[in-house]
Asks: 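This structure is in structure tokens; I'll ask about it shortly.
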There are 4 protein chains.
Amino acid sequence: MVGFISSLEDDFHIYQPTVLINAAHVIALQRARAIDRQDARKILAALRKIEKKAPRGGGVEDIHVLIEEYVTKRVGPDVGGRMHLAKSRNDQVATAIRMTLRIEILQTTQLLLSLQSQIISLARKHERTVFPGYTHLQPAQPITFAHFLLAHHDSLDRSTQRLLEIYQRVNMSPMGAGAIAGTSFSVNRNLVARLLGFDAIVENSLDGIGTRDFALEALGVFSIVSLDLSRLAQDLIFYSSGDVGLVELPDEFSSTSSIMPQKKNPDPLEVLRARCAKIAGNHLTATIMLHGLPSGYNLDFQEVTPLLWESTGTLKSCLTLMAKLVPRIKVSKSVAGKPYMPFLAATEIANILVRSEDLPFRKAHHIMGTAVRIAMKRQKNLREFTPKDWNDVTRRKLNPRTLREISAALDPQRLLHLYRSKGSPNPKETRKMANRRATRLKLWNRRVDSYVARLRMSDRELHAAARSI
Amino acid sequence: MVGFISSLEDDFHIYQPTVLINAAHVIALQRARAIDRQDARKILAALRKIEKKAPRGGGVEDIHVLIEEYVTKRVGPDVGGRMHLAKSRNDQVATAIRMTLRIEILQTTQLLLSLQSQIISLARKHERTVFPGYTHLQPAQPITFAHFLLAHHDSLDRSTQRLLEIYQRVNMSPMGAGAIAGTSFSVNRNLVARLLGFDAIVENSLDGIGTRDFALEALGVFSIVSLDLSRLAQDLIFYSSGDVGLVELPDEFSSTSSIMPQKKNPDPLEVLRARCAKIAGNHLTATIMLHGLPSGYNLDFQEVTPLLWESTGTLKSCLTLMAKLVPRIKVSKSVAGKPYMPFLAATEIANILVRSEDLPFRKAHHIMGTAVRIAMKRQKNLREFTPKDWNDVTRRKLNPRTLREISAALDPQRLLHLYRSKGSPNPKETRKMANRRATRLKLWNRRVDSYVARLRMSDRELHAAARSI
Amino acid sequence: MVGFISSLEDDFHIYQPTVLINAAHVIALQRARAIDRQDARKILAALRKIEKKAPRGGGVEDIHVLIEEYVTKRVGPDVGGRMHLAKSRNDQVATAIRMTLRIEILQTTQLLLSLQSQIISLARKHERTVFPGYTHLQPAQPITFAHFLLAHHDSLDRSTQRLLEIYQRVNMSPMGAGAIAGTSFSVNRNLVARLLGFDAIVENSLDGIGTRDFALEALGVFSIVSLDLSRLAQDLIFYSSGDVGLVELPDEFSSTSSIMPQKKNPDPLEVLRARCAKIAGNHLTATIMLHGLPSGYNLDFQEVTPLLWESTGTLKSCLTLMAKLVPRIKVSKSVAGKPYMPFLAATEIANILVRSEDLPFRKAHHIMGTAVRIAMKRQKNLREFTPKDWNDVTRRKLNPRTLREISAALDPQRLLHLYRSKGSPNPKETRKMANRRATRLKLWNRRVDSYVARLRMSDRELHAAARSI
Amino acid sequence: MVGFISSLEDDFHIYQPTVLINAAHVIALQRARAIDRQDARKILAALRKIEKKAPRGGGVEDIHVLIEEYVTKRVGPDVGGRMHLAKSRNDQVATAIRMTLRIEILQTTQLLLSLQSQIISLARKHERTVFPGYTHLQPAQPITFAHFLLAHHDSLDRSTQRLLEIYQRVNMSPMGAGAIAGTSFSVNRNLVARLLGFDAIVENSLDGIGTRDFALEALGVFSIVSLDLSRLAQDLIFYSSGDVGLVELPDEFSSTSSIMPQKKNPDPLEVLRARCAKIAGNHLTATIMLHGLPSGYNLDFQEVTPLLWESTGTLKSCLTLMAKLVPRIKVSKSVAGKPYMPFLAATEIANILVRSEDLPFRKAHHIMGTAVRIAMKRQKNLREFTPKDWNDVTRRKLNPRTLREISAALDPQRLLHLYRSKGSPNPKETRKMANRRATRLKLWNRRVDSYVARLRMSDRELHAAARSI
């Protein structure tokens with residue numbers, strides 16, 4: 001049976017945390033006088049030996065047994081056996097998973113921040129690069145490529161915020177919850193938590209060993225990031241398709257066959273899109289596993305854990321890929337000249353008629369509809385309309401300022417500057433947005449750094465405490 | 001086609017917000033001098049008429065058209081048409097959904113807090129009620145019913161925290177994002193946001209109309225609450241089953257047939273368990289809908305919205321049911337006397353041997369294993385062991401204090417008091433935990449109240465602003 | 001509690017079957033002499049009255065109670081009560097769901113066959129309509145629009161086959177399984193099954209009331225059909241987008257705004273794509289509900305049932321929409337003249353070089369890669385290559401036949417006729433495929449008709465048996 | 001990029017099929033005179049060398065390249081390059097996946113049949129072993145352990161049927177579909193299909209390379225089997241829990257701690273339950289991947305494939321475990337004597353009163369309800385009722401036959417023989433059911449064997465054809 005239920009292969013993810021947990025626990029036991037200084041020292045010395053590298057061992061069910069067997073062999077059963085006082089595999093594994101997961105969250109956040117940074121950098125270069133804004137996969141209004149990029153940035157940025165929120169619920173220590181009911185030894189749970197870098201303990205012992213909502217919510221945020229990445233991938237696949245031709249993917253991120261050098265297949269983006277589905281799927285799988293489980297520790301939990309590592313591993317590689325790809329995206333030179341571009345100005349020309357000619361809004365809209373229809377019929381584009389054409393379609397003599405403004409709106413580059421609302425693609429707005437986001441990124445980075453620093457500090461504290469016994 | 005794509009039936013959930021959005025937008029237009037005071041007044045008066053109750057109207061595609069048609073009919077096309085200046089269905093619907101969703105989140109949080117409060121109250125009554133703690137669906141160690149309840153409380157409490165976190169990301173206004181690119185009118189987006197009770201705006205216009213991650217994360221938290229409720233339901237179904245008999249469900253929350261009055265079926269809990277699966281399933285459905293969608297507004301979004309209302313509706317009814325059921329759960333009198341109870345003391349007796357007899361831990365464990373095996377063979381329980389039996393099994397003469405402690409451990413009621421770790425089922429710990437949680441609940445409630453108050457205030461401000469034009 | 005657990009609203013889907021089940025059961029009871037002829041007659045008369053239309057009644061939990069209460073009121077408790085002998089709500093509801101589901105399956109199959117028929121008809125018109133075949137969303141090789149359509153047909157056709165396979169597992173009668181253990185009355189289960197149009201009984205009584213895999217596999221096939229429809233929708237959204245312009249959607253199946261008449265939004269296809277996700281999501285929801293449920297009847301089952309009706313309702317409307325839309329799709333006239341078209345001939349020109357010039361395959365490929373690269377550099381297309389150009393790029397003097405063949409391959413219309421493999425887009429192949437599929441559709445239709453006829457016959461037999469008592 | 005998109009690691013599952021496909025393709029090319037005999041011979045010889053074991057090679061993207069590179073190195077580029085004529089990675093990979101999947105389906109079916117056989121064997125031993133039948137996790141009516149087992153058998157048996165149905169849709173050859181449009185070489189697709197053991201070809205070339213519904217439906221059936229296994233696991237976990245004690249799990253399939261030898265944790269069943277959730281989750285993941293994908297080959301498909309192998313690998317190990325565990329399940333001796341047992345006879349005693357005393361059914365039910373209530377109040381069980389008690393509760397003088405029958409019904413062993421409906425737990429029925437199922441298993445096994453034989457034959461034919469060139 002060991003074969004079927006063994007988690008040893010997946011356990012390497014939590015190997016080092018498990019060693020540290022044992023060390024922190026032994027320190028706490030010693031301070032509670034539950035084991036004597038001499039024994040504690042021996043166990044700690046043995047643990048130190050295997051902190052960086054697992055001892056070999058097969059045929060055991062999991063990492064917990066592996067470590068205990070190693071220590072016991074090294075310091076003898078009388079001493080080694082004491083390590084397991086007042087703890088259980090149930091609290092130990094929950095603690096170890098949280099320790100690995102918090103690192104994964106921090107690493108994922110760092111990669112997310114890198115990608116965000118690349119997006120902002122590219123956006124800065126494309127503040128004035130006209131690009132069609134799509135609704136329903138149809139070109140709708142002119143925006144800039146920067147605007148498009150910053151929209152993606154902002155989606156991702158919300159997930160950075162989410163990751164740092166859930167970090168706090170992940171970074172809580174179940175150690176001391178025992179098998180389910182705590183223990184009659186007065187081990188200091190807060191001390192153990194602090195030595196292991198936790199912000200707090202999961203207080204109720206049954207709650208500590210019997211819940212995995214921290215895993216579920218982490219998988220949930222990974223899933224949101226994935227869906228955001230899948231949207232970016234989808235956009236790029238579409239924009240770079242032969243028919244659309246808005247962007248060019250870098251050669252290293254597409255494949256061609258020897259016979260069709262004109263055809264660049266966005267292979268990595270397709271794989272990324274599917275892997276993002278896998279990350280979302282892992283979340284769903286955990287949901288099925290956990291629905292309707294009874295309270296207490298159930299071994300079903302063991303199968304939830306690898307979903308975490310698979311998801312973070314995949315997500316990190318997807319973020320890394322995207323951060324490499326994004327800075328190398330080229331916008332095709334022909335974008336601003338696309339034949340449909342002038343038509344995308346229709347809404348803003350209607351706005352001009354409202355403002356400058358005091359036309360009622362619906363009438364202005366109606367006029368523009370007619371104008372577009374006439375243009376399509378004559379296979380002209382709106383830029384080719386003469387003042388007379390405009391007078392005819394509006395059934396009035398437009399004043400010269402109106403005509404100048406219309407002419408401006410029909411130049412997508414100048415149209416951008418007409419946008420006045422906050423958050424619009426107006427290059428000035430874009431610049432402000434990029435700046436604020438860059439500042440915000442620094443704050444996020446500092447926060448992540450402080451978390452990392454806190455973990456390093458607790459690590460040093462743990463080793464110091466071990467040495468001082 | 002109107003039939004197939006119409007969202008009218010689902011739209012009633014966002015009817016009132018949509019009226020308010022139109023009002024706030026008209027106020028902002030007037031302040032920006034984009035429409036004149038007179039026209040604004042007329043439109044606002046018309047909107048006020050239908051604020052509480054939708055006008056009749058069929059054959060239209062959605063609520064946005066319905067409202068515009070009503071206003072236009074009432075104030076004439078020249079005036080009515082101006083209402084739609086500088087906005088679009090795309091930003092309007094995103095804003096309205098967020099306004100309804102924030103109410104749903106607050107209501108859900110209130111019901112969650114009610115349930116938590118009921119759980120704490122019941123826990124206070126059961127501080128000393130011995131109950132088996134389960135692992136692997138097997139009785140493992142004695143805990144109390146209060147301890148069991150507080151574990152459930154703590155799971156739910158984390159979701160209260162989550163709901164209040166996501167509230168802040170939901171409560172952001174996309175209004176002013178227009179169809180996709182903002183507008184050339186200088187409408188004050190922050191003013192609109194404030195009048196509608198939002199904390200901030202979703203700045204980038206493409207982001208504002210083209211993302212639904214706020215829906216996804218709300219569905220994700222609803223799913224976590226559901227899984228927690230499904231665990232509680234599962235526990236109660238198991239504990240109340242004829243074989244187990246640990247708790248009795250109130251008659252109103254179970255069904256019997258006329259012929260089998262002894263058999264109480266936990267019907268509502270089964271239905272609740274399945275409905276919780278539905279809530280989780282809705283989350284998954286939204287995930288499938290959103291995976292791989294391109295940027296910009298796509299009508300697929302329309303199908304995400306009803307998932308929100310179905311999930312909150314179901315979740316609220318499940319929370320209400322649970323809050324009514326929980327206070328009426330009875331713990332069977334026979335629990336402490338269950339034949340397996342003494343065996344659950346084994347771990348703590350081993351701990352006693354370690355502490356009082358200075359036995360090595362593994363040896364103590366081994367001894368207790370032998371003791372249990374002997375007891376089972378003799379069909380005795382450990383409470384029937386004589387001092388001689390204990391001396392025999394430990395192969396030593398135990399000192400009287402040890403024997404007294406063992407005897408205490410074998411009385412589950414007294415065993416509870418042996419637990420010394422923080423968060424253990426020791427009744428003293430339980431009391432402290434219940435008190436702290438009750439205090440915390442007050443804080444949560446106050447926070448929810450303050451959010452509600454802020455929404456009411458903005459509502460008053462909006463109406464005052466409308467009147468003052 | 002009745003409010004929370006009531007299934008009355010969803011039950012109307014199974015109302016008529018439930019009446020018929022009661023009738024068939026009473027007939028069987030009478031033949032088993034478990035109730036006398038007189039009583040049976042009265043009950044059957046009462047049931048006949050409500051066969052078409054449910055009696056009013058509120059405050060009851062479900063349709064089973066509603067019907068029994070009506071009959072009892074009408075014929076008195078002594079007679080009415082006998083109707084419930086030797087059966088249970090558990091077997092009755094499982095039977096009724098299967099009866100409604102089999103109708104839904106047949107209707108869905110009919111709509112699927114209609115859509116397939118529309119696809120074949122349209123394909124016949126487009127046997128020679130050149131269309132780009134895509135891989136990785138990039139034009140890859142010339143095919144025909146018919147070929148594209150028949151590919152979709154064939155996907156759907158496999159689901160027709162699937163639906164008729166699962167029909168046989170759905171169409172089995174659990175009646176007589178009682179609550180869980182059958183009954184001590186010797187009711188003839190096969191008779192009941194036959195009168196209700198079933199092909200067989202679900203023999204084991206626990207299996208009969210305690211499984212819903214028939215629902216799960218139906219939802220699974222609905223999900224596959226949905227994914228196929230979502231692919232068709234995705235294709236049409238892409239092909240009709242402004243940038244791509246390969247097909248035009250009929251006006252009734254797209255929406256335009258008054259101001260942007262040039263922009264046709266494929267609204268219904270987007271809604272359809274999302275609803276297909278909902279159908280897939282319902283399958284997943286059922287999976288969560290059923291995972292880990294214990295044997296026997298659990299009320300969770302009640303929540304699985306509405307997923308069936310929602311899925312079939314949605315799927316039927318999606319199939320209906322698609323069947324109306326498909327025949328009105330127009331292929332843009334400009335397709336064959338797309339600038340990239342000649343490049344799509346590269347593979348076949350390489351094949352020509354292999355065949356006619358006995359060039360090694362990889363070399364031919366390499367040559368064509370060079371040719372394409374040269375053409376792109378010179379901003380020419382391959383059709384503009386002179387014989388000298390071809391000689392240069394192949395570094396040999398091509399024989400005239402080769403040049404003629406190359407010239408043919410560069411005309412996409414003629415290229416189609418070069419395809420020789422079975423199932424290729426060669427118009428001759430297409431015609432054969434369309435014919436075979438049309439014949440196959442007739443067979444499918446006949447099979448569905450025979451199932452329908454069998455159900456009608458059993459209905460008549462049931463009524464005759466009722467009258468003959 | 002090769003790192004990110006490489007499928008090499010997963011490809012070993014389709015390695016051997018890919019070699020065979022190349023061989024069959026070369027044979028067909030030679031017969032079509034597209035390559036000459038000499039070249040074909042060399043390529044076939046090279047392929048034969050690596051048929052059993054893959055050549056080493058790193059840095060290549062996938063198995064297709066690996067094989068082609070090996071052959072090319074061995075026979076030179078002029079000859080080796082010809083192998084790739086008239087085929088593409090797109091049709092080749094689709095064909096290879098189907099070849100591996102069909103083997104996986106057959107192996108899964110064989111393991112399923114083994115498990116079914118074990119279940120039937122155990123059922124034969126427990127034809128008369130009284131067991132409580134549960135509804136709503138409450139004991140409801142007496143059945144036998146055999147009846148319980150056969151219900152599980154029948155669920156699984158339907159999936160055996162499903163697997164053999166989908167086998168036919170999986171076992172179709174896309175080879176010859178080329179990249180998307182077939183080819184201008186007249187390769188005989190039916191010949192290739194036959195040499196590779198396929199039943200038919202996937203005719204339309206776009207359909208052949210651009211669909212994965214065969215994978216989806218396989219994952220769907222694996223999911224159904226998983227849910228059935230999860231139900232069996234759930235039942236056994238519940239039945240073996242300390243409170244319920246109906247069955248004993250074999251020691252090798254449960255874990256105990258040294259200190260709690262009385263507590264047998266059903267670890268493998270919990271892991272199995274969670275892994276079954278994973279299998280279901282993989283199905284959902286594939287659904288997310290495929291929803292909304294456009295037609296043609298997309299590299300997303302590559303990520304669907306490993307879900308297949310992970311699911312079959314896991315499912316096969318779960319089936320193997322269950323087949324080992326089932327024969328060793330012990331039913332506790334105390335089951336028939338459970339205090340609640342007599343109460344489970346209530347329904348059948350009511351039936352007796354209807355039959356023997358001609359009481360109206362509802363009245364009989366009402367009486368039994370009263371009887372149970374009285375018994376519970378007096379803390380008696382129904383077996384302790386005297387004839388006077390029965391007369392009192394029925395308010396009539398029961399005739400002696402009635403009393404004898406009641407007495408029989410109160411002995412669960414004798415009650416079993418009262419069941420008369422087809423498919424009931426009556427031991428005679430059980431024996432018949434077991435016999436019929438054993439016969440049916442033989443037929444299934446024969447069918448699987450014939451499929452295996454057919455594959456072996458085609459393998460021989462392929463090798464013979466290769467040799468004969």
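Scope of the values below: all heavy atoms of this structure, side chains included, with no hydrogens, waters or symmetry mates. All chains are named by letter (A, B, ...) in the order of the sequence lines, taking the proteins before the strands, and each is independently numbered beginning at 1.
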Asks: At what distance, to the nearest 0.5 angstrom, does OG of D:S223 lie from CG of C:D213?
Replies: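 Interatomic distance, D:S223 OG to C:D213 CG, rounded to 0.5 Å: 11.5 Å.
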Asks: When heavy-atom pairs shorter than 4.5 Å are enumerated against chain C, which of D:I352, D:D154, D:T183 gives the highest number?
Replies: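 Going by pairs under 4.5 Å, I would pick D:T183.
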Asks: Tell me, out of D:H136, D:H84, D:R162, who's got the most heavy-atom pairs with chain C below 4.5 Å.
Replies: D:R162
Asks: Can you tell me how far the OG atom of D:S421 sits from the NZ atom of C:K87, to the nearest 0.5 Å?
Replies: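 Going from the OG atom of D:S421 to the NZ atom of C:K87 covers 14.5 Å.
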Asks: Given that the side chain runs from C-beta out, which part of C:L137 has a heavy atom under 4.5 Å from chain D: side chain, backbone, both or neither?
Replies: both
Asks: I'd like to verify something: which residue of D:L206, D:L359, D:N298 has the highest number of heavy-atom pairs under 4.5 Å with chain C?
Replies: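 Between D:L206, D:L359, D:N298, the count favours D:L206.
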Asks: Is a donor from one side chain sitting under 3.5 angstrom from an acceptor on the other, for D:S184 and C:R355?
Replies: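 Yes, a side-chain donor-acceptor pair sits under 3.5 Å.
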Asks: Would you sort out whether C:H283 and D:H283 count as a ring pair (Phe, Tyr, Trp, His ring centres under 6.0 Å), showing the intermediate values?
Replies: CA-CA 10 Å; C:H283 182 210; D:H283 181 209; 5.1 Å; yes
Asks: Hey, does the side chain of C:R231 reach the backbone of D:P294 with a donor-acceptor pair shorter than 3.5 angstrom?
Replies: no
Asks: Which pairs with one or both residues in residues 284-294 of chain D pass side chain to side chain donor-acceptor pair (under 3.5 Å), sequence neighbours excluded?
Replies: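 Non-adjacent pairs meeting side chain to side chain donor-acceptor pair (under 3.5 Å): zero.
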Asks: D:N204 side chain to C:H147 main-chain N or O, any donor-acceptor pair under 3.5 Å?
Replies: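 Side chain of D:N204 to backbone of C:H147: a pair is present.
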Asks: In Å, rounded to the nearest 0.5 Å, how long is the span from CG of C:L290 to OG of D:S230?
Replies: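 One finds 8.5 Å between CG of C:L290 and OG of D:S230.
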Asks: Taking side-chain contact (heavy atoms from CB on, under 4.5 Å) as the definition, give me every residue that meets it alongside D:Q161, ordered by chain and number, with sequence neighbours left out.
Replies: C:R169, D:E165, D:R440, D:W444
Asks: In terms of heavy-atom proximity below 4.5 Å to chain C, should D:R82 be classed as side chain, backbone, both, or neither?
Replies: both
Asks: Under a 3.5 Å distance rule, please check whether C:S424 uses its side chain to pair with a backbone N or O of D:G182 as donor and acceptor.
Replies: no
Asks: Any chance you could measure C:L299, atom CG, to D:T135, atom OG1, to the nearest 0.5 Å?
Replies: 10.5 Å
Asks: Heavy-atom distance under 4.5 Å to chain D: side chain of C:Y297, backbone, both or neither?
Replies: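 The answer is both parts of C:Y297.
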Asks: Measure D:A233 against the heavy atoms of chain C and call it side chain, backbone, both or neither at under 4.5 Å.
Replies: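 Contact with chain C involves no heavy atom of D:A233 at all.
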Asks: Non-hydrogen atoms of chain D under 4.5 Å away: do they reach the side chain of C:H153, the backbone, both or neither?
Replies: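 Looking at C:H153, nothing touches chain D.
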Asks: Out of D:D39, D:I180, D:L418, which one racks up the most heavy-atom pairs below 4.5 Å with chain C?
Replies: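 Winner by heavy-atom pair count: D:I180.
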Asks: Look at D:S226, D:P360, D:G176 and state which one has the largest set of heavy-atom pairs under 4.5 Å with chain C.
Replies: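 Sorted descending by pairs with chain C, the first entry is D:P360.
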Asks: Using the ring of C:F185 (Phe, Tyr or Trp, six-membered ring only), decide whether D:R420 places NZ or CZ under 6.0 Å from its centre and within 45 degrees of its axis.
Replies: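 The answer is no, since D:R420 fails at least one limit relative to C:F185.
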Asks: Could you have a look at C:A177, C:A277, C:G210 and say which one has the most heavy-atom pairs with chain D under 4.5 angstrom?
Replies: C:A277
Asks: Kindly indicate whether the side chain of D:S295, heavy atoms from C-beta on, has any atom under 4.5 Å from the side chain of C:F148.
Replies: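 Yes, close enough: below the 4.5 Å cut-off.
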Asks: Can you tell me which portion of D:R436 sits under 4.5 Å from chain C's heavy atoms? Options are side chain, backbone, both or neither.
Replies: side chain
